[in-house]
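Note sheet for the following structure.
Convention: sequence-line order gives letters A, B, ...; per-chain numbering from 1.
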There are 2 protein chains.
Amino acid sequence: MDAAQRHDDVIRIGALEIRAADGLVLAGGRALTLSVREFGLLVALARSGGGIVRREDLYERVWGGELRTGDRSIDVYIHKLRVKLEEALTDWRFIHTHVGFGYRFAPEPSHPFHNAATNR
Amino acid sequence: MDAAQRHDDVIRIGALEIRAADGLVLAGGRALTLSVREFGLLVALARSGGGIVRREDLYERVWGGELRTGDRSIDVYIHKLRVKLEEALTDWRFIHTHVGFGYRFAPEPSHPFHNAATNR
DNA sequence: CAGGTCTTTCACGACCTGTTCACGGCCGGG
DNA sequence: CCCGGCCGTGAACAGGTCGTGAAAGACCTG
């Protein structure tokens, strides 16, 4: 049950509670202050059931229209979201980058209990 | 609605779950971080039903085009995949080399027992 | 208008990737 | 033995992708 659980328009993931209808996000009970883009991005990610969402799809769902080559809006807002989430729920990481694929939303402890940092 | 949950695109082999559509691979529940080539190679292997895949075929399916003589890309990425799989699922070997023929994908315990006790 | 907030764009740098080399082990044939 | 083909593996390299801080626009509100 750490996976996304859709209940009408209330999404619960980890210590996050997203009320899509109200435009409200609770992190561990406290309300987050998000901008429109930040909120849209969060909802789009949270609704993807832990799968990887391609940047093109994210852009289309949140911004509408097609993602132009060179547009870095997504990166910037992913960053902003990460900062706010991290600020609210320390030692949890929600947004994971999959280079060349897109982003994945899932709660994972930020401390690597079994370090696997061997990239390459 | 979010088209994300498609069972026809999910391959399950041993403790591996490959969501070909999402570009996502779960090893024992945890998400694996693969590059595009690594993922393509894994999918190509996993879709071969445990049979041996010739290097020429692998190259054509993953890289596209013909395998040039002297090209060692496949070897390198087979290695990278092995490392990541092994790191995620110790004591299981998935990629088996058949010298002169190609590679075969199947979960086998890394410590070969000759007992009949081995189920599958 | 003036000030504040939200978005987009820019610039720089760190990290990631795919490819190619280089070296060495394994193995069967001469 | 020695050789040559085949494969494992570490490393170098060039280019691409992504993270991030800050500037430049847009927008909204009184």
query = What are the two closest heavy atoms between A/L42 and A/L81, and how far apart are they?
reply = N-CD1, 3.6 Å
For [X], answer base if it contacts any base atom (sugar-phosphate contacts may also be present), sugar-phosphate if it contacts only those atoms, and nothing otherwise; contact means non-hydrogen atoms under 4.0 Å.
X	result
A/F101	nothing
B/G70	nothing
A/V36	sugar-phosphate

With the side chain of [X] defined as its heavy atoms from C-beta on, choose the nearest nucleotide among [options].
X	options	result
A/V99	D/dG8, C/dC16, D/dT20	C/dC16
A/W63	D/dG19, C/dT8, C/dT9	C/dT8
B/S73	C/dT8, C/dT19, D/dG19	C/dT19

How many whole angstroms separate atom [atom1] of [X] from atom [atom2] of [N]?
X	N	atom1	atom2	value
B/L34	C/dG18	CG	C1'	15 Å
A/E38	C/dC6	CD	P	8 Å
A/R68	C/dT8	CZ	C1'	9 Å
A/Y103	C/dC16	OH	P	14 Å
A/L81	D/dT20	CG	C1'	15 Å
A/Y77	C/dC6	OH	P	8 Å
A/K80	D/dT20	NZ	C1'	11 Å
A/L41	C/dT8	CG	C1'	15 Å

Phosphate OP1/OP2 of [N]: any [X] side-chain N/O under 4.0 Å:
X	N	value
A/S35	C/dT7	yes
A/R37	C/dC6	no
A/H79	D/dT20	yes
A/T97	D/dT17	no

ask   = Does the side chain of B/Y103 reach to within under 4.5 Å of the side chain of B/S48, using non-hydrogen atoms?
value = no
Side-chain touch B/L89/B/K84, heavy atoms, less than 4.5 angstrom = no
ask   = Within the modelled atom types, does a donor on one side and an acceptor on the other bring the side chain of A/R72 and the base of D/dG19 under 3.5 Å apart?
value = yes
key: Contact list for residues 25-63 of chain B, test ring-ring contact (aromatic ring centres under 6.0 Å, His included), sequence neighbours left out   = A/F101-B/F39, B/Y59-B/W63
ask   = Got a salt bridge between B/E86 and B/R93, using NZ or NE/NH1/NH2 to carboxylate O under 4.0 Å?
value = no
